[in-house]
Amino acid sequence: MDAHQLFVSSIYSQSLSESTQKILGCRDFFSWGSPPVFHSYRHQIHHQSSSIVEEPLDPFSLVSDELSLIADRLRDMVVAEVPKLASAAEYFFKMGVEGKRFRPTVLLLMSTALNVTVPEPPTQLREALSMELRARQQCIAEVTEMIHVASLLHDDVLDDADTRRGVGSLNCVMGNKLAVLAGDFLLSRACVALASLRNTEVVSLLSTVVEHLVTGETMQMTTTSDQRCSMEYYIQKTYFKTASLISNSCKAIAILAGHTAEVAMLAFEYGKNLGLAFQLIDDVLDFTGTSASLGKGSLSDIRHGIVTAPILFAMEEFPQLRAVVEQGFDNPANIELALDYLGRSNGIHRTRELATKHANLAASAIESLPESEDEDVRRSRRALLDLTHIVITRTK
């Protein structure tokens with residue numbers, strides 16, 4: 001590791017350890033008998049946002065015009081000279097299967113939430129600087145989405161998935177080889193866009209994300225018996241596979257805006273904890289959702305032998321479940337047995353509580369940002385708070 005990688009690694013380890021300790025370090029932090037309580041921000045909205053507390057905002061509608069612009073740009077960016085590669089690369093960027101664009105929404109809202117008025121230059125120059133910064137931050141949103149979709153294409157090959165976002169997965173439709181190459185192509189296009197920003201710190205951050213994606217997937221594929229049954233290992237793997245992308249992208253947004261290291265870390269903390277909460281709810285929905293609502297087969301994780309938070313919590317209540325986990329889930333009877341233990345445990349409830357704790361930590365990061373009198377800034381911060389609620393209450 002070079003000095004920068006060591007620094008990033010130590011920051012990650014300390015940051016992840018601190019927030020995980022807050023959640024897992026003390027058992028009475030949970031209230032097992034009651035449903036998860038979101039941190040009452042609906043009654044204690046960010047003190048900077050007192051003028052806009054009436055109703056929850058629709059975070060996606062606030063940036064809908066920019067999302068359409070980014071969607072068009074992404075379709076242009078993945079055009080390739082070879083027709084087959086072009087068809088494969090644009091597969092999940094086509095109208096109707098592009099998804100909710102959750103990550104670009106977070107990043108566009110974060111861009112506005114961290115907006116700083118430059119008092120010195122004349123108005124015309126100030127507007128030009130603001131537009132240039134916004135274009136650079138939009139580029140981060142585009143790069144993030146390309147990295148995300150590339151990871152989905154590769155994951156589907158590794159998992160031998162046959163559906164994604166309610167349609168046939170690319171590996172199922174066009175084969176594994178083309179799916180892998182399409183993912184590689186998207187990563188290469190993301191690298192070109194990233195290089196155009198000419199900011200070495202941002203390039204380093206998002207390059208680290210790609211390393212984390214590979215590390216997380218490898219952790220999932222090569223676990224020992226003890227690691228497979230460890231909540232700490234699961235959280236670390238989840239950070240690498242899911243939360244690293246959104247946390248480091250949020251930090252990149254702050255760096256491009258010229259913020260202090262403290263503000264950049266608050267942006268990072270928001271993204272990290274929102275990402276962990278998102279994945280924890282995904283783990284719940286894999287057991288409680290339907291194939292139609294999720295766009296993938298329910299119970300897909302356990303069928304692939306992947307142990308997630310609900311099963312880990314159930315294992316604490318029923319230690320005999322560990323023997324079932326160690327036997328694996330190739331035998332359908334073991335899946336049924338694991339589901340029986342899960343149904344008799346508080347595994348689903350405790351996973352929702354853990355997701356809520358991470359959502360609270362994400363909201364606290366937004367509430368800790370420097371004060372601003374700008375209405376757009378406060379509205380975007382409010383929308384980021386609302387997103388933490390949307391993440392833990394979603395059903396798909």
Side-chain angles (χ1 to χ4, degrees), residues 1-12 15 63 66-67 69-70 73-74 76-78 101 103-121 125-151 185-214 239-240 243-272 274-275 365 369-370 377 380 384:
M1 278 185 154
D2 62 25
H4 176 76
Q5 286 175 313
L6 283 169
F7 172 74
V8 170
S9 177
S10 65
I11 287 292
Y12 155 70
S15 174
V63 292
E66 277 185 286
L67 286 176
L69 181 66
I70 286 173
R73 274 203 212 127
L74 283 168
D76 290 339
M77 291 168 77
V78 299
R101 296 288 188 239
R103 287 156 193 82
T105 297
V106 171
L107 296 175
L108 293 172
L109 290 172
M110 184 64 74
S111 299
T112 306
L114 299 179
N115 193 25
V116 178
T117 303
V118 183
E120 298 301 329
L125 178 57
R126 188 163 64 239
E127 288 176 356
L129 288 172
S130 178
M131 287 175 64
E132 182 186 351
L133 172 60
R134 192 68 178 195
R136 287 161 67 79
Q137 290 171 325
Q138 287 173 352
C139 182
I140 294 292
E142 291 156 11
V143 166
T144 298
E145 191 66 5
M146 281 192 284
I147 292 174
H148 172 60
V149 172
S151 74
F185 177 73
L186 292 179
L187 288 175
S188 70
R189 284 297 167 94
C191 288
V192 171
L194 197 53
S196 72
L197 295 173
R198 299 178 184 276
N199 185 306
T200 54
E201 189 175 2
V202 168
V203 170
S204 181
L205 274 177
L206 291 176
S207 299
T208 301
V209 166
V210 178
E211 178 190 339
H212 285 172
L213 288 168
V214 175
Y239 169 77
F240 284 142
S244 174
L245 176 58
I246 191 65
S247 61
N248 283 294
S249 297
C250 283
K251 187 176 181 180
I253 292 290
I255 289 169
L256 286 179
H259 281 286
T260 63
E262 289 76 14
V263 170
M265 280 308 295
L266 287 172
F268 175 90
E269 283 294 315
Y270 176 82
K272 181 191 75 176
L274 188 74
L369 290 172
V377 170
S380 290
L384 289 170

Could you walk me through whether Met146 and Leu74 pass the side-chain contact (heavy atoms from CB on, under 4.5 Å) check?
CA-CA 8 Å; Met146 281 192 284; Leu74 283 168; 3.6 Å; yes
* Should Val263 and Thr260 be marked as a side-chain contact (heavy atoms from CB on, under 4.5 Å) after you check the CA-CA gap, both sets of side-chain angles, and the distance that decides it? -> CA-CA 5 Å; Val263 170; Thr260 63; 3.5 Å; yes
**Asked** So Gln138 and Arg73, side-chain contact (heavy atoms from CB on, under 4.5 Å) or not? Walk me through it.
**Response** CA-CA 10 Å; Gln138 287 173 352; Arg73 274 203 212 127; 3.1 Å; yes
Practice problem: Might you work through the side-chain contact (heavy atoms from CB on, under 4.5 Å) test for Cys139 and Leu197, ending with a clear yes or no? | Solution: CA-CA 8 Å; Cys139 182; Leu197 295 173; 4.0 Å; yes
Report task. Go through the steps for Arg101 and Glu145 under the test salt bridge (charged side-chain N to carboxylate O under 4.0 Å, His left out), then give the verdict. Result -> CA-CA 8 Å; Arg101 296 288 188 239; Glu145 191 66 5; 2.7 Å; yes
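Considering only heavy atoms from C-beta on, Ser151 comes within 4.5 Å of His148 through its side chain. The closest side-chain heavy-atom distance from Cys250 to Val106 is below 4.5 Å. The shortest side-chain heavy-atom distance between Leu206 and Ser249 falls under the 4.5 Å cut-off. The shortest distance between side-chain heavy atoms of Val149 and Val78 does not fall below 4.5 Å. The shortest distance between side-chain heavy atoms of Val203 and Ser207 falls below 4.5 Å.
Interatomic distance, Phe240 CZ to Leu213 CG, rounded to the nearest 0.5 Å: 10.5 Å. If you take CG on Leu369 and CD on Glu262, they are separated by 12.0 Å, rounding to the nearest 0.5 Å. A distance of 8.5 Å separates CD1 in Ile253 from CG in Leu133, rounded to the nearest 0.5 Å. Summarising the geometry, atom CD1 belonging to Ile255 is positioned 11.5 Å from atom CZ belonging to Arg136; distances are rounded to the nearest 0.5 Å. For the atom pair CG of Leu107 and CD of Glu66, the computed distance is 11.0 Å after rounding to the nearest 0.5 Å.
Ile147 approaches Ala190 most closely through the heavy-atom pair CG1-CB, 4.1 Å. Between Val143 and Ala193, the shortest heavy-atom contact is CG2-CB, 3.7 Å. Here the closest heavy-atom approach between residue Ala252 and residue Leu205 is recorded as N-CD1, 4.0 Å.
Tested against Ile246 for a side-chain contact (heavy atoms from CB on, under 4.5 Å), the candidates Lys251, Arg103, Lys272 yield a single pass: Arg103.
His212 places no side-chain N or O within 3.5 Å of a backbone atom of Leu245 that could act as its donor or acceptor partner. The main-chain N or O of Val377 is never found under 3.5 Å from a side-chain atom of Ser380 such that the two would form a donor-acceptor pair. At least one donor-acceptor pair under 3.5 Å links the side chain of Tyr270 to the backbone N or O of Leu384. Counting only distance, with no hydrogens or angles, the side chain of Ser247 and the backbone of Ala243 share a donor-acceptor pair below 3.5 Å. Ser188 places a side-chain N or O within 3.5 Å of a backbone atom of Phe185 that can act as its donor or acceptor partner.
With no hydrogens or angles considered, a side-chain donor-acceptor pair links Arg134 and Thr112 at under 3.5 Å.
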